[in-house]
Amino acid sequence: MDIFSEFRKEIIQVVERLVAESVLPEGLDLARVAVDVPREAAFGDLSTNAAMVLAKPSGMKPRDLAARLTEGLAAVRGVVSAEIAGPGFINIRLDRNIWLRCLGDILEAGTAYGSSKIGGGDAVNVEFVSANPTGPLHIGHARGSVFGDVLASLLEKAGYAVTREYYINDAGAQVDVLARSVHLRYREALGEKIDQIPEGLYPGDYLCAVGALLAERSGDRWQRLPEAEWLPEIRGVAIDAMMGLVREDLAALGIRHDVFTSERQLVEAGKVDTVLEGLAKRGLIYTGVLEPPKGKKPDDWESRPQTLFRATEFGDEVDRPLKKSDDSWTYFASDIAYHQDKYERGFGTQIDVWGADHGGYVKRMSAATKAVTEGAAELDVKICQIVKLLDKGEPVKMSKRAGTFVTLRDLIDEVGPDVVRFIMLTRSNDAPLDFDLTKVTEQSRDNPVFYVQYAHARCHSVNRMAREAFSELTDKPEDGANLDLLTHDAELALIKLMAQWPRVVESAAHAHEPHRIAYYLYDLAAAFHGLWTKGKEQTELRFIVENNVELTKSRLAMVRGVRTVIASGLDIMGVEPVEELRG
RNA sequence: GCGCCCGUAGCUCAGUUGGAUAGAGCAGCGGACUUCUAAUCCGCAGGUCGAGGGUUCGAAUCCUUCCGGGCGCGCCA
């Protein structure tokens, strides 16, 4: 149980009692009533802004209302004191047993601790990666991949029914280019001499294997035919092969999507036509002429009538084109159908994870989703800023020729999937991220992956040492521990921090910001390392207490709590907690 | 030109979605190892939260106008 939401309920009960007594008016909006951790520990354990946010609608002065609230709160079980502070804050001090009970909850729940039901089982679709099926994933894809996967896990932890989805852009011109590139490699595999890959085709050697496969499977069947006859077949084979590479890359990162949706199938099933017909019937599609973009004007700009969607009616700046000059659908058109499709599949909440270069696309997609679901679906587009790859502080030049690695797989092979995953979450998604190959494998406080893992490993280390000191301890020394022996302020402070975990999960899930998990774990690790070292100066604070197995067990229970919460957080991040850092 | 994101300590960034005296890490300075792994910890110093105006009990957070940086701006996805 989350202490903060528990006491928020208590506060609201006190408010409702005052309403019943006609001290407060009916119909107050309680949504803004919040329970927080006070800035200063000296202020108490919890604080609420209830008196301040309810004062005006109640026609009372904040401090007068606070006085009435504190009377009620003082009677709540577990409350030691409730005091008014500053402009009308109420600071609440809780009985130590409340916190010990929290620790008990953690030990009982294990890594399930922090799970929440705020999601209420609602279906959420998280669409991420969705890289074009034209080659293996590169470093640019790493951030969105990890972000999307961890956001999905976070939402699951918060009680949502999450679907991880990948949208395969297999309908545009790029996959035709892919097919031509593969055909060339196919001819090469059949013995033709290919000197240079022509401009505009994909040069990567990863296509050679596909060419060879085709040659083996089909012989020279496609070799001399005109393009129109081999293109669809070879395109299909090539896309399957590329998606195979993509899945392998994702698997190496520990990512697995539940659903892969093909743009081509959506188009071929007539989905795009149906959805856009619907929009046309509502008068949201028309033929018009767009102003050319000001400032940077394309050389080949030519004003002409286009099929446009009335995005401006749904918050966009200009109406957006749906058809290319060759009369085929734009990417935007099929993406409208895709978001409608997701809605029809039951996703009232949709999250798209995109790269920074797609930022300019957000408004039109939100507008379209609003239009096509008539406001019923909620779309949140998360933009991940770029990752700057560094080595010892110097930018890594991304050159295929120079042999500096650029693929996601190379990155994973270099530092391991856990490091990639953790580091990708050490910044907010809208902040650019420096990924320093040297720093991320360093063993120092500057490297958050190490720092958090070290805390977890230390927890195990204490257990190992304790069992050497006390032969009667089992591998679960915390079993039957008397938590009441935990009396020191520093110990309680650590437990209070652990008790914030459910709240961190809820707020991170609500904000769709998985990086908050990483920051919290870093803070928890810092608190634990601090307490550890304190035991050096004040030996009475050591976890392992000579000749006192009972106290040792209590403290090991607390250590177990730290270990559990860290493991619970790393689990969301998809990072394996380590038990030992050096062998 | 327009839109989106960003601007917080020398550097890199958090800031619980409007709360109390704005926080970490790195770099700098000063300390703590006959250890439950010092791969760590403690302390000091460092700020007109880009600038101005507004909203209110209260603003780094919301609105507005500028300044600076990044990304994008029909027939790529």
Side-chain angles (χ1 to χ4, degrees), chain A residues 32 34 36-40 43 47 49 52-53 55-56 61-62 85-89 91 130-132 134 169 171-175 263 290 292-296 298 300-304 306 308 316-318 320-321 323-326 328 330-332 334-335 355-363 383 385-386 426-428 430-434 439 442-448 450-451 454-455 457-458 461-466 468-469 500 503-504 506-508 510-511 513 515-516 519-520 522-523 526 529-537 539 542-545 552 555 559 580-582:
Chain A
R32 287 179 61 215
D36 290 292
V37 184
R39 176 182 304 287
E40 302 284 336
F43 292 165
S47 81
N49 60 358
M52 289 183 290
V53 298
K56 182 171 268 186
K61 288 180 184 165
F89 285 103
N91 291 325
S130 298
N132 294 333
T134 54
N169 302 132
Q174 294 186 1
V175 285
E263 180 188 5
L290 281 183
K294 288 176 179 154
K296 194 191 78 180
D300 56 347
W301 178 272
E302 155 187 359
S303 213
R304 64 175 179 82
Q306 287 178 293
L308 300 172
D316 202 355
E317 269 72 41
V318 290
R320 303 291 181 176
K323 283 197 170 181
K324 305 179 195 171
S325 49
D326 67 358
S328 66
T330 58
Y331 176 76
F332 178 48
S334 49
D335 220 0
D357 52 341
H358 289 60
Y361 198 76
V362 175
K363 276 200 173 183
I383 297 292
Q385 291 298 323
I386 53 163
T426 53
R427 290 285 174 266
S428 150
D430 358 81
L433 172 73
D434 288 346
K439 204 180 263 183
E442 259 170 25
Q443 303 200 329
S444 76
R445 179 165 193 165
D446 195 23
N447 176 7
F450 163 77
Y451 191 72
Y454 183 33
R458 264 187 160 171
S461 168
V462 176
N463 266 2
R464 288 192 293 268
M465 298 306 290
E468 279 179 31
Q500 287 191 45
R503 191 167 183 270
V504 170
E506 287 189 1
S507 65
H510 183 254
E513 290 185 354
H515 73 277
R516 293 188 192 186
Y519 276 91
Y520 170 78
Y522 188 84
D523 287 345
H529 288 309
L531 186 54
W532 172 292
T533 309
K534 207 170 245 188
K536 270 182 206 312
E537 289 142 20
T539 48
R542 292 184 168 212
F543 302 139
I544 298 170
V545 188
T552 299
R555 291 186 172 163
V559 171
E580 226 169 342
L581 278 163
R582 67 177 167 201

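Chain naming here is simple, since letters A, B, ... match the order of the sequence lines and numbering starts at 1 in each.
Ion pairing between a basic and an acidic side chain is recognised when a charged N comes within 4.0 Å of a carboxylate O; A:D36 and A:R503 show such pairing.
Looking only at atom types and distance, the side chain of A:E263 has a donor-acceptor partner in the side chain of A:S334 under 3.5 Å away. A donor-acceptor contact under 3.5 angstrom links the side chains of A:R458 and A:Y454, judged on distance only. Defined by atom type and a distance below 3.5 Å, a donor-acceptor pair is missing between the side-chain atoms of A:D446 and A:S444.
Protein atom CG of A:D430 is 8 Å distant from nucleotide atom P of B:C5, rounded to whole Å. Across the protein-nucleic acid pair, A:I386 atom CD1 and B:C71 atom P stand 7 Å apart, rounded to whole Å. Atom OH in A:Y451 sits roughly 10 Å away from atom C1' in B:G25 (whole-Å rounding). Rounded to a whole Å, the CZ atom of A:R304 is 7 Å from the C1' atom of B:G74. Between the CG atom of A:L581 and the C1' atom of B:U40 there is a distance of 12 Å, rounded to whole Å. At whole-Å resolution of the value, CG in A:D36 and C1' in B:A22 are 16 Å apart. If you measure from atom CG of A:D434 to atom P of B:G25, you get 19 Å, rounded to the nearest angstrom. Atom pair A:D357:CG and B:C73:P shows a separation of 9 Å (rounding to whole Å applied).
Heavy atoms of A:Y331 sit under 4.0 angstrom from at least one base atom. Contacts of A:K56 with the nucleic acid, taken as non-hydrogen atoms under 4.0 Å apart, involve only primed sugar atoms and P, OP1 or OP2. As judged by a 4.0 angstrom heavy-atom cut-off over every strand, A:S461 is placed among the base-contacting residues. Within the 4.0 angstrom heavy-atom criterion, no nucleotide atom of any strand lies near A:K534. Among the protein residues, A:N49 comes within range of the nucleic acid bases, having at least one heavy atom under 4.0 Å from a base atom. Using a 4.0 Å heavy-atom cutoff across all strands shown, A:A173 reaches sugar-phosphate atoms only and no base atom. A:V362 comes within 4.0 angstrom of no nucleic acid atom, judged by non-hydrogen atoms across all strands. Nucleic acid contact class of A:H510 (heavy atoms, under 4.0 Å, all strands): base. Among the atoms of the strands shown, none is found under 4.0 Å from any heavy atom of A:V318. When heavy atoms are screened at a 4.0 angstrom cut-off, A:P448 is found touching no nucleic acid atom at all. Across all strands, A:P87 comes closer than 4.0 Å to base atoms (heavy-atom distances). Among the heavy atoms of the strands lying under 4.0 Å from A:G172 are primed sugar atoms or P, OP1, OP2 only; no base atom is included. Residue-level contact check: A:F332 touches neither bases nor backbone, having no heavy atom under 4.0 Å from any strand. A:Q306 comes within 4.0 angstrom of a base, heavy atoms only.
Considering only side-chain atoms of A:M52, the nucleotide from B:C57, B:C2, B:U40 that sits closest is B:C57. If you check B:U16, B:C4, B:G25 against the side chain of A:R516, the one that comes closest is B:U16. Proximity note for A:R32 (side chain, C-beta onward) versus B:G58, B:U40, B:G15: the nearest is B:G58. When distances are taken from the side chain of A:A457 to each of B:C75, B:G25, B:U37, the shortest belongs to B:U37. Comparing B:A20, B:G3, B:A77 against the side chain of A:F89 picks out B:A20 as the nearest. Closest to the side chain of A:D446, from the set B:C5, B:U40, B:C26, is B:C26. Candidate nucleotides B:G19, B:A77, B:C41 were compared by shortest atom distance to the side chain of A:T533, and B:C41 ranks first.
With the nearest nucleotide of RNA chain B identified for both A:R39 and A:L531, A:R39 has the one nearer the 5' end.
Taking the 5.5 Å centre cut-off and the 30° plane limit, the aromatic side chain of A:Y519 is not classed as stacked on B:A14.
Side-chain atoms of A:T552 come within 3.5 Å of backbone N or O of A:V545 as a donor-acceptor pair. When atom types are taken as modelled, the side chain of A:N169 and the backbone of A:N132 share no donor-acceptor pair closer than 3.5 angstrom. A:T533 places no side-chain N or O within donor-acceptor distance of the main-chain N or O of A:G530, the cut-off being under 3.5 Å.
Between A:Y361 and A:Y331, the ring-plane angle classifies as tilted under the 30° and 60° cut-offs.
Counting all heavy atoms, side chain and backbone alike, A:P62 lies closest to A:P87 at CB-O, 3.5 Å.
Between the side chain of A:H515 and the base of B:A14 there is no donor-acceptor pair of N/O atoms closer than 3.5 Å.
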- Message: If a pair means Watson-Crick or G-U wobble with both distances below 3.5 Å, what does RNA chain B look like in dot-bracket form, with | marking bases paired to a different strand?
- Response: (((((((..((((.....[...)))).(((((.......))))).....(((((..]....))))))))))))....
